[in-house]
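Shown next, in structure tokens, is the structure this report addresses.
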Amino acid sequence: MKILDTLKGRFEQALDGLIDNPAAYSARIAQARDPRFGDYQANIAMPLAKTLGKNPVDIANSIVQRLQIDDLCESVDVAGPGFINLKLRSQFLASSLSQAAGNDRLGVSAVRNPQTYVVDYSAPNVAKPMHVGHIRSTVIGDSLCKILRFLGHRVISDNHLGDWGTQFGMVIYGYKHFVDRSAYERAPVAELSRLYRLVQQIIGYQAAVSQIDKTREQLRLAIRRMQELIAKADAGDKKAAKEVKAADRNVAAVRESLEEIERKIANIEGDSSLHAAAHGHPVLDQRAQLETAKLHSGDPENLALWNQFLPWCIEEIETVYRRLGIKFDLQLGESFYHPMLGDLVQRLLSSGLAQQSEGATCIFLEGYDAPMIIRKQDGAFLYATSDLATIEYRLKQYSPDVILYVVDHRQSEHFAKLFAAAAALGYHHVTLKHVSFGTVLGPDGKPFKTRSGTVIGLEYLLDEAVQRAYQVVCHPERLQKANLRMTNEEQHAVAEAVGLGAIKYADLCHNRTSDYEFDIEQMVQLDGNTSAYIQYSFARASSILRNSGVDLGSPNVDSLSMELVNTAERDLALYLLQFEDVLHQCLEDYLPSVLVAYLYGIAKQYAVFFDQCPVLKADNEHLMLSRLRICDATCKTLQKGLELLGIATVPRM
RNA sequence: GGGGUCAUAGCUCAGUUGGAUAGAGCAACGGAUUUCUAAUCCGUCGGUCGGGGGUUCAAGUCCCUCUGGCCCUGCCA
């Protein structure tokens, strides 16, 4: 049900002949911000005051006069400086909801002009363990795909794996020199990620050793500068005080990085075998890079190792996807594009778009100081190169109208350059969009890590959430109180749905562009704005439907007119009917959080309805059936909405 | 140095192309109630929307500036 479109249409008719571009102004109809003003409001008259040279209230009145909307609205009022407030007829809401409830798409129609979307999301680097940072891309991308598909678009989801990058050089080097054979045979992925971390740690250590003297000197200089400023500063001199403050911050920053360096060194030097390894393998970063270069140039040994490692790594991440219920149409990693890169760079060079600079092959773009480097001095290609090749491949294979990149905000400059380069290559007929998102922060407001600085594995977090959900949801006391006799199996299924839902919901409920604090304690708390609250609303409503014993699909019930006598049920009905509008709104800026806010609103409104409107104990049978159908519509909307977020529902909890 | 982004209640966050008296959850406090699943509902408390200037009939929202945070900035992704 597209309420907004319907209202806009009526206003456009009324505005036709009055102004030149009715569509531009009908867009100024929105849900009322305050229910006291009605259901919808049209803020059309005020901006027209200048162009028409009239008083906005008069304009509003003349619009209202021309408006033919009596069949939909019980009142149309002009208020304040020229707002037009609309209140829908309850009869209209009742018949619309009745129609939507009996429809398996909840009255949501497919778009008239479906588009083809390629959605690039998740894209972890395999051979590195997945962590909380991978959640956002995966969950947001998956939800966007589902919403797009539900609205009738053609969607190709693609997991652009990092399966060819520098990390493989590290793993290969690690495997050649540090592998624990029996550990590798027992659990290959665990051993490979140990090797990756080991190599990374040593590289970090070596960098730290080479930096420590310089950093100490920096700290001395910073301190001296601060002392000089303090000595020089006159009391009351604001500018000087500011400089002292800045110098002080600088000292703190340098001190912090020095401590980081010292920590890295202490970690290695405190362990004799690590220390020996670090000294037995100097300039490890270069050695690892060499392994990467050998892999890329087709060295048989490294290629064989890569072929050996990759299936393990993919199996590992697919375990996570299976658990999260996520499927991709394509999983074409960077390695897939590698054969195309040489030719691509050649074409870019011969067309003059790219040129050699400081030994590298670069594309210089207007508005950017630094070029986009597509081939390094040592001949290696970069992700900019494979991203360009990926665009070409996708255009050729799928002719998409839109390609979405669900990737964190730190890469926005990369994408700006990439899109500019694609435009320079003449790819104008596709919309390239970076759907960026913020960082997942820990309780300290810094990127989510353990106290020792290591990242926390994603699987561990999923287990943790499920386990906490189990403790709360399946608490024996609670189950007894709610008279829920569940088998062990059902209890675990509920905990899984609630725990995983909690993690996805916590992510999706924030505006994707914001950073947010990952607080597992809070997200599995079952009060407030959490998935469990919504899942619980669904279970409560389902319970009523079950207990009623009524077959809502039977023709006599299905065609029954609804009654919206109580404001609680009228408000709920209005909410439910906005589903389609909300989904379209989600896609305007690719914001799943809009859908989340909507579902939370339904759940809260349902709670009010539940409190105030007895269903099975309603005054008469007709009212009971009417309310049952409202429960049914609520269930279906919550379920579908959660499904579009990738969150499961359970019939009882 | 250059560029990007953010700053809203004690805490975590919303805030639709600028719209009417800035919202929610948590926390705190007070009520309802033996419930069709109380994991509920209602109420109270809590904000010079970082500071200053500007545009506008109207600014949390747009522009300028200052302060502070985070991110990026030629060979990682």
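A quick note: this is a predicted structure, and the numbers were derived from the prediction, not measured. Quick note on labels: first sequence line is chain A, next is B, and so on, each numbered from 1.
- Residue contacts for A/Cys362: at a heavy-atom cut-off of 4.0 Å it reaches a base atom on one of the strands shown.
- Separating the C1' atom of B/U61 from that of B/U16 is a span of 11 Å, rounded to the nearest Å.
- Residue contacts shown for A/Ala360 include a base, since a base heavy atom lies under 4.0 Å away.
- As judged by a 4.0 angstrom heavy-atom cut-off over every strand, A/Asp589 is placed among residues making no nucleic acid contact.
- Surrounding CZ of A/Arg546 are more than 12 heavy atoms belonging to other residues, nucleotides or ligands, all under 6.0 Å away.
- Between A/Phe448 and A/Phe518, the angle of the ring planes lies from 30° to 60°, which puts this pair in the tilted group.
- Between A/Asp527 atom CG and B/C11 atom P the separation is 21 Å, expressed in whole Å.
- One interatomic measurement links the two molecules: CZ of A/Phe415 to P of B/A77, which rounds to 13 Å at whole-angstrom precision.
- The CG-C1' distance, from A/Asp163 to B/A77, rounds to 12 Å in whole Å.
- At a cut-off of 3.5 angstrom, counting only N and O atoms as typed in the model, there is a donor on one side and an acceptor on the other between the side-chain of A/Ser357 and the base of B/G74.
- Atom NZ in A/Lys604 sits roughly 14 Å away from atom C1' in B/U40 (whole-Å rounding).
- The number of heavy atoms from other shown groups lying within 6.0 Å of CD (A/Gln356) is above 12.
- Ionic pairing of A/Arg136 and A/Asp507 is present here: one or more N-O contacts between side-chain nitrogen and carboxylate oxygen are shorter than 4.0 angstrom.
- Residue A/Glu517 is classed as a sugar-phosphate contact, given heavy-atom separations below 4.0 Å to backbone atoms only.
- Within the 4.0 angstrom heavy-atom criterion, only backbone atoms of the sugar-phosphate kind lie near A/Thr166; the bases stay farther away.
- Rounded to an integer number of Å, the gap from CG of A/Leu382 to C1' of B/C76 is 8 Å.
- Aromatic rings from A/Tyr505 and A/Tyr533 are positioned such that their centres are separated by 6.0 Å or more.
- Rounded to whole angstrom, the span from the CD1 atom of A/Ile29 across to the C1' atom of B/U16 amounts to 14 Å.
- With both pairing distances under 3.5 Å, B/A27 is matched to nothing as a Watson-Crick or G-U wobble pair.
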Protein-nucleotides 20-23 of chain B N/O pairs closer than 3.5 Å?
unit_1 : atom_1 : unit_2  : atom_2 : d
B/A20  : N6     : A/Asn85 : OD1    : 2.4
B/A20  : N6     : A/Asn85 : ND2    : 3.3
B/A20  : N1     : A/Asn85 : ND2    : 3.2
B/U21  : O4     : A/Arg36 : NH1    : 3.1

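- One finds a salt bridge joining A/Arg36 and A/Asp34 here, because a Lys/Arg side-chain nitrogen approaches an Asp/Glu carboxylate oxygen to under 4.0 Å.
- Nucleic acid contact class of A/Pro47 (heavy atoms, under 4.0 Å, all strands): base.
- Of the candidate nucleotides B/C75, B/C72, B/U37, B/C75 has the atom lying nearest to any side-chain atom of A/Ile373.
- B/G25 atom C1' lies 14 Å from atom CE of A/Met523, rounded to whole Å.
- Phosphate contact (OP1/OP2 of B/C70, side-chain N/O of A/Lys446, threshold under 4.0 Å): absent.
- Within 4.0 Å (heavy atoms only), A/Gln411 reaches at least one base atom of the nucleic acid.
- Residue A/Arg652 places no side-chain N or O under 4.0 Å from the OP1 or OP2 atom of B/U37.
- A salt bridge does not link A/Glu291 with A/Arg287: every distance from a Lys NZ or Arg NE/NH1/NH2 to an Asp or Glu carboxylate oxygen is 4.0 Å or more.
- Here the P atom of nucleotide B/U34 and the NZ atom of A/Lys617 are 9 Å apart, to the nearest Å.
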